[in-house]
Number of protein chains: 2
Amino acid sequence: MSRNANLTPLPGSCAACAVRPFALFRVIPQARVGEIARIRSGVRLVRAGDAILDSIFTMYAGWAFSWTATPDGRRQVLDFHLPGDLVERSEDAAEVEALTDSSFCILSRERLCAFMGRDPGLAMSYVDGLTRDRARMRERLTSLGRRDAAGRVAHLLLELHGRLLRRGGADARGAAVPLKQAHLADALGLSVEHANRALAALRKDGVATLNKGRLEIMDRTALEDLAGWAGLPPPESLAPQTLAG
Amino acid sequence: MSRNANLTPLPGSCAACAVRPFALFRVIPQARVGEIARIRSGVRLVRAGDAILDSIFTMYAGWAFSWTATPDGRRQVLDFHLPGDLVERSEDAAEVEALTDSSFCILSRERLCAFMGRDPGLAMSYVDGLTRDRARMRERLTSLGRRDAAGRVAHLLLELHGRLLRRGGADARGAAVPLKQAHLADALGLSVEHANRALAALRKDGVATLNKGRLEIMDRTALEDLAGWAGLPPPESLAPQTLAG
DNA sequence: CGTCCTGTTGACGATGTTCAAGGGGGGTGG
DNA sequence: CCACCCCCCTTGAACATCGTCAACAGGACG
């Protein structure tokens with residue numbers, strides 16, 4: 001395979017950008033797309049596994065992820081970045097790495113800020129992204145805090161499937177999900193072996209499979225039950241005991 | 001004790017607001033404080049344990065926290081809200097509850113948005129808060145994913161101490177921290193009993209205590225070592241193994 | 001053909017949960 | 001003033017979940 005076979009180039013103009021309907025600039029009407037041209041400071045194509053050093057960019061093709069290393073040499077994956085996502089790399093905090101061969105559009109923070117100062121709609125779109133990020137982090141926190149391994153895997157698969165569905169990258173039965181089991185494990189606070197076992201259980205029960213870069217959902221109800229804590233007590237049962245106000 | 005002994009009223013004017021230097025409106029110079037008066041839509045005093053239903057507000061006195069219930073009747077505490085923090089309650093997602101008797105200043109989202117549209121500095125301040133929130137959620141995620149119980153407790157205590165220090169609510173040796181062990185447990189994904197044991201270990205080793213609403217830090221170095229994974233291999237040791245790029 | 005990466009499985013031990021019980025302090029009502 | 005109760009903290013023991021260690025299989029690639 002050629003070294004560049006999977007590298008998807010970006011279109012020359014934002015007007016032709018396939019991910020713009022799902023991205024920061026979705027609020028700029030097609031007629032005004034010319035105005036944002038100067039916010040783009042460049043494009044970049046990177047290979048799977050490459051570190052990404054640009055400080056603010058929009059994913060165009062491929063997946064990336066943010067992570068931090070723990071002093072004992074393990075990783076915590078903080079978030080996955082899909083086409084259309086705005087990614088900000090804060091100098092000191094997290095690393096960003098291409099998960100697959102990827103291409104993205106680098107922005108000038110200075111010019112973006114200036115434009116947002118003049119266009120409240122764009123600023124709102126930016127804020128919207130931050131708010132969504134925070135909400136997703138909160139959901140993950142709940143996963144790591146209160147779900148067991150199977151629930152965490154189920155929940156993450158559903159989250160990714162939902163995000164892909166919204167941008168047309170999935171159908172009801174599945175999607176392209178290029179995660180290795182190590183990514184799952186490092187995102188969910190599990191060992192690779194345990195993530196594997198959780199995935200094996202899903203496969204064995206005919207719920208879902210993750211194989212060769214593809215997620216297949218065979219039984220969405222069962223998957224949701226797992227993610228939402230299977231075997232619930234009836235909803236009208238007792239209220240939370242701890243911290244009862 | 002009177003039913004209102006701990007309810008701290010707010011000053012009538014933002015000009016006299018004690019938390020403004022640490023809050024959203026810190027960017028508005030004293031001379032222009034009059035302009036933001038109309039963004040305030042009211043104040044509220046609530047008792048410990050009360051649910052807070054207002055959709056956007058700035059904590060003035062006391063602590064609050066956001067949480068979600070799991071279908072099996074447990075809680076995940078998502079974040080703690082300290083004086084000066086801007087809190088947004090999203091209808092469907094998380095509940096917000098007063099942790100102590102608290103008072104806060106309710107904002108009008110509509111007028112806040114309008115003002116931010118005219119004042120990019122205020123918009124930046126708002127964005128700054130969202131970015132900080134996200135960073136804090138990421139740190140918590142790392143805690144729940146990769147730290148053991150002692151490390152999680154140590155890390156959260158340090159986080160809270162740092163946040164309090166920045167707003168003058170702490171000295172180097174400790175701070176008022178009104179958390180019950182159940183709050184710690186529900187924030188850190190632990191059972192109350194295990195959180196208790198972790199806290200007991202900190203106390204026994206002379207590292208820190210959390211007692212009667214007060215955090216005392218006896219050995220900050222040891223606490224940081226715990227939070228940063230005690231017994232680290234030397235920094236120049238091996239790189240992360242999983243997901244090696 | 002050998003090597004590396006990824007996935008897989010088993011055995012065992014560590015960490016954390018659950019269940020059960022009890023203690024202390026501050027309120028409230030007799 | 002005392003008795004009682006409730007909330008919070010604390011401890012122990014049995015048990016479950018998950019991590020670690022070790023081994024191996026299959027496929028891609030050189």
Side-chain angles (χ1 to χ4, degrees), chain A residues 1-3 5-6 47-49 70 72-76 99-100 143-153 177-186 188-204 209-214 226 229-231 240-245, chain B residues 1-3 5-6 47-49 70 72-76 99-100 143-153 177-186 188-204 209-214 226 229-231 240-245:
Chain A
M1 174 169 71
S2 151
R3 295 281 305 159
N6 289 325
R47 306 209 58 85
T70 65
D72 62 354
R74 298 181 299 174
R75 288 196 183 197
Q76 176 66 43
L99 199 156
T100 64
S143 251
L144 297 215
R146 293 304 189 205
R147 271 186 261 256
D148 64 8
R152 292 183 206 181
V153 170
V177 171
L179 301 184
K180 315 278 185 212
Q181 293 183 356
H183 296 113
L184 269 185
D186 286 347
L188 298 176
L190 300 170
S191 64
V192 178
E193 295 89 336
H194 204 68
N196 175 293
R197 282 183 256 259
L199 230 28
L202 289 183
R203 190 184 332 125
K204 174 175 151 299
T209 62
L210 182 62
N211 208 326
K212 299 189 205 305
R214 174 127 197 112
L226 274 173
W229 298 277
Q241 293 299 316
T242 53
L243 293 180
Chain B
M1 174 167 71
S2 151
R3 294 281 303 159
N6 289 326
R47 305 208 60 87
T70 64
D72 62 353
R74 296 182 300 173
R75 287 197 185 197
Q76 177 66 44
L99 200 156
T100 65
S143 251
L144 298 216
R146 294 304 187 205
R147 271 187 262 257
D148 65 7
R152 292 184 204 180
V153 170
V177 172
L179 301 184
K180 316 279 185 209
Q181 295 183 354
H183 295 114
L184 270 185
D186 287 346
L188 298 176
L190 300 170
S191 64
V192 177
E193 294 89 337
H194 204 65
N196 176 292
R197 282 182 255 259
L199 230 28
L202 289 184
R203 190 185 330 125
K204 174 174 152 297
T209 62
L210 182 63
N211 207 327
K212 299 186 204 306
R214 175 132 196 107
L226 275 172
W229 298 277
Q241 292 300 315
T242 53
L243 292 180

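Here is how names work: the chains are called A, B, and so on, in the same order as the sequence lines, proteins then strands, and each is numbered from 1. Small disclaimer: the values here were computed from a predicted structure and weren't measured.
Looking at A:Val153 and A:Leu210, their side chains never come closer than 4.5 Å, going by heavy atoms from C-beta outward. Residues A:Leu144 and A:Arg152 have side chains in contact (heavy-atom distance under 4.5 Å, counting atoms from C-beta outward). Between B:Val192 and B:Asp186 there is no side-chain heavy-atom pair separated by less than 4.5 Å. Considering only heavy atoms from C-beta on, B:Leu99 comes within 4.5 Å of B:His183 through its side chain.
Annotation: of the two residues near DNA chain D, A:Arg152 and B:Asn211, the 5′-most nearest-nucleotide partner is B:Asn211.
Rounding to whole angstrom units, CZ of residue A:Arg147 and P of C:dT17 are separated by 16 Å. In this entry the distance linking NZ of B:Lys204 with C1' of D:dT10 reads 15 Å, nearest Å. The nearest whole Å value for the distance from the CG atom in B:Leu202 to the P atom in D:dT10 is 12 Å. Between the P atom of C:dT15 and the NE2 atom of A:His194 lies a distance of 16 Å, rounded to the nearest Å. Taking atom CG of residue A:Asp186 and atom P of nucleotide D:dG19, one finds them 11 Å apart after rounding to whole Å. Per the geometry, CG belonging to A:Asp148 stands 13 Å off P belonging to C:dT17, to the nearest Å. Rounding to whole angstrom units, CG of residue B:Leu184 and P of D:dC9 are separated by 9 Å. Between the C1' atom of D:dT17 and the CG atom of A:Leu144 lies a distance of 15 Å, rounded to the nearest Å.
At the heavy-atom level, A:Gly189 lies under 4.0 Å from the strands shown only through sugar-phosphate atoms. Heavy atoms of A:Leu199 sit nowhere under 4.0 angstrom from any nucleic acid atom.
Axis deviation across the helix from C:dC1-D:dG30 to C:dG30-D:dC1 amounts to 30°, comparing end segments of five pairs, rounded to 10 degrees.
What you find for B:Ala185 and B:Ala195 is that their closest heavy atoms are CB-CB, 3.9 Å.
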- Note on the structure: B/S/- along nucleotides 23-28 of chain D (protein heavy atoms under 4.0 Å) is ------
- Just by protein heavy atoms under 4.0 Å, how would nucleotides 9-14 of chain C read 5' to 3' in B, S and -? BBB---
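B:Leu199 CG to B:Leu184 CG: the interatomic distance, rounded to the nearest 0.5 Å, is 6.0 Å. Note that CD of B:Gln181 and CG of B:Asn196 are 4.5 Å apart. Values are rounded to the nearest 0.5 Å. Distance check, rounded to the nearest 0.5 Å: CG of B:Asp148 to NE2 of B:His194 gives 7.5 Å.
In terms of phosphate contacts, A:Gln181 brings no side-chain nitrogen or oxygen within less than 4.0 Å of OP1 or OP2 of C:dC5.
In this structure a side-chain-to-backbone donor-acceptor pair under 3.5 Å is missing from A:Ser143 to A:Arg147.
Using a 4.0 Å cut-off between a side-chain N of Lys or Arg and a carboxylate O of Asp or Glu, A:Asp72 and B:Arg146 do not qualify as a salt bridge.
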